[in-house]
Amino acid sequence: MAINFVPGQVAVGDPNPGGPSATSNDKDVHVKVAKLSSANFTTGGTNTLVAVLPADATILKFRLHVKTQLAGGSVSAATVAIGTASGGAQLAAASSAFGAAGANNDIASAVGIMQAYAIPNGPDIQIWVLGTATTGNPTSGEVFLVIEYVR
């Protein structure tokens with residue numbers, strides 16, 4: 001079950017009758033990982049459906065991990081935008097995906113997280129990535145998008 005938010009409601013604590021307990025309001029954290037290769041980054045932008053989350057998921061955060069730096073084709077910068085539709089940036093605007101091998105960064109500009117999408121009977125949540133290389137199309141490199149959510 002996702003975290004339920006009610007607009008305008010003031011937080012009053014744990015919803016467990018009698019107050020919080022060691023197991024009340026407990027959620028299972030899930031992680032999905034999507035591999036983005038150099039083919040997912042072009043100067044014109046490449047849209048890729050990378051994951052589908054259950055309708056009752058609540059997204060906690062996104063993180064990028066650079067396995068090998070994007071290289072070739074004169075690339076010197078690359079970004080990802082994350083959306084719930086192709087070409088969208090509903091969840092994160094252009095965040096840098098260009099870095100040295102081993103770089104591991106939370107996407108600080110993520111929006112639309114920690115909210116319920118369509119509980120209880122909405123559609124599953126599609127996660128799309130728009131990979132854009134600003135100076136040239138890379139020919140090598142791998143970047144992983146880590147998606148953390150609860151349900």
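Owing to the predicted nature of the structure, the values given are computational and were not obtained by experimental measurement.
A donor-acceptor pair shorter than 3.5 Å can be found between the side chains of Thr135 and Ser76.
Formation of a donor-acceptor pair under 3.5 Å by the Ser37 side chain with backbone atoms of Ala39 is found in this model. Panel note: side chain Thr134, backbone Thr132; no donor-acceptor pair is recorded below 3.5 Å. Checked by atom type and distance alone, the side chain of Asn47 never pairs as donor or acceptor with a backbone atom of Ser86 at under 3.5 Å. A donor-acceptor pair under 3.5 Å links the side-chain atoms of Thr68 to the main chain of Glu142, judged by distance alone.
Under the 4.5 Å side-chain heavy-atom criterion for grouping Ile, Leu, Val, Met, Phe, Trp and Tyr, Ile107 is connected to Leu91 within one hydrophobic cluster.
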Stepwise side-chain contact (heavy atoms from CB on, under 4.5 Å) test for Phe41 and Thr46:
CA-CA 6 Å; Phe41 295 89; Thr46 300; over 6 Å; no
Verdict with reasoning, Val80 to Leu36, per side-chain contact (heavy atoms from CB on, under 4.5 Å)
CA-CA 10 Å; Val80 294; Leu36 302 171; 4.2 Å; yes
From CA spacing to verdict: side-chain contact (heavy atoms from CB on, under 4.5 Å), Leu64, Val146:
CA-CA 6 Å; Leu64 285 175; Val146 180; over 6 Å; no
Residue pair Ile125, Val52: steps toward the side-chain contact (heavy atoms from CB on, under 4.5 Å) verdict
CA-CA 6 Å; Ile125 305 164; Val52 177; over 6 Å; no
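Side chains of Asn40 and Val129 form no contact here, defined as non-hydrogen atoms less than 4.5 Å apart.
Residues passing the ring-ring contact (aromatic ring centres under 6.0 Å, His included) test with Phe62: none are found, sequence neighbours excluded. For the side chain to side chain contact (heavy atoms under 4.5 Å, CB included) test, residues two or more places apart in sequence or in another chain that qualify with Ala81 are Ala89, Leu130.
Using cut-offs of 30° and 60° on the angle between ring planes, the pair His30 and Tyr149 is parallel.
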